Amino acid sequence: MINITLETYANKWKYYYETVVPYIYNNEPYMFAMSGKAKRWFISKLSTDKNDINTEIISGEWGNFFGAVAVFYVGGTPFLYAQTATSKKKWFVSELSVDKKVVEKEIISGNWDHYYGSVYL
């Protein structure tokens, strides 16, 4: 049994990442994280190896902070649903990958009248 109250590894990041969601890609665990202050996002592999967690596989910056996010799967492929409270309540869906061009490509997008801050699947 693992004692989750003890940190295996700890480090300090430059920004606070309000949005963090785990997902599975090619049978490996990853996380998508986004900072509200910097509007910066990154993807990192999750593991007990410090080098994996401390390595951003891909990263970027978006014009909005997307605080409402959820990961869902279609045929085993992970997708990210995201919505912002600003910019006309914009939402989009993109594929989660380790390729920046794939993640930044919106498959579908739109605007809603309301911001839905809690997303559960």
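What you are looking at is a predicted structure, and each value in this text was computed from that prediction instead of being measured. Side-chain atoms are counted along with the backbone in the values below, which use heavy atoms only and exclude waters and symmetry mates.
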Let me confirm one number: the [atom1]-[atom2] distance from [X] to [Y], rounded to the nearest 0.5 Å.
| X | Y | atom1 | atom2 | value |
| --- | --- | --- | --- | --- |
| S97 | L80 | OG | CG | 12.5 Å |
| D99 | I57 | CG | CD1 | 12.0 Å |
| E61 | M34 | CD | CE | 9.0 Å |
| K39 | T84 | NZ | OG1 | 8.5 Å |
| F42 | T55 | CZ | OG1 | 10.5 Å |
| I58 | K101 | CD1 | NZ | 12.0 Å |

For the student: nearest non-hydrogen atoms of [X] and [Y], plus distance:
| X | Y | value |
| --- | --- | --- |
| N111 | S87 | ND2-O, 3.4 Å |
| P78 | V71 | CB-CG1, 4.3 Å |
| K37 | E18 | N-OE2, 4.3 Å |
| Y17 | V20 | O-CG2, 3.7 Å |
| S35 | A38 | OG-N, 3.3 Å |

Exercise. In terms of ring plane angle, is the pair Y30 and Y25 parallel, tilted or perpendicular, where the classes change at 30° and 60°?
Worked result: perpendicular
Exercise. When clusters are formed by joining ILVMFWY residues with side-chain heavy atoms under 4.5 Å apart, either directly or through shared neighbours, do Y115 and V21 land in the same one?
Worked result: no
For this session: Using the rule that two of Ile, Leu, Val, Met, Phe, Trp, Tyr join whenever any of their side-chain heavy atoms come within less than 4.5 Å, decide whether V102 and V69 are in one cluster.
Result: no
Given 3.5 Å as the limit, does a donor-acceptor pair link the side chain of [X] with the main chain of [Y], or not?
| X | Y | result |
| --- | --- | --- |
| T19 | F66 | yes |
| S94 | E106 | no |
| Q83 | Y116 | yes |

Exercise. Only one of F79, W62, Y81, W112 clears ring-ring contact (aromatic ring centres under 6.0 Å, His included) with F92; which?
Worked result: W62
Problem set entry | Residue pair V93 / S109, side-chain heavy-atom distance below 4.5 Å |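 No, their side chains stay 4.5 Å or more apart.
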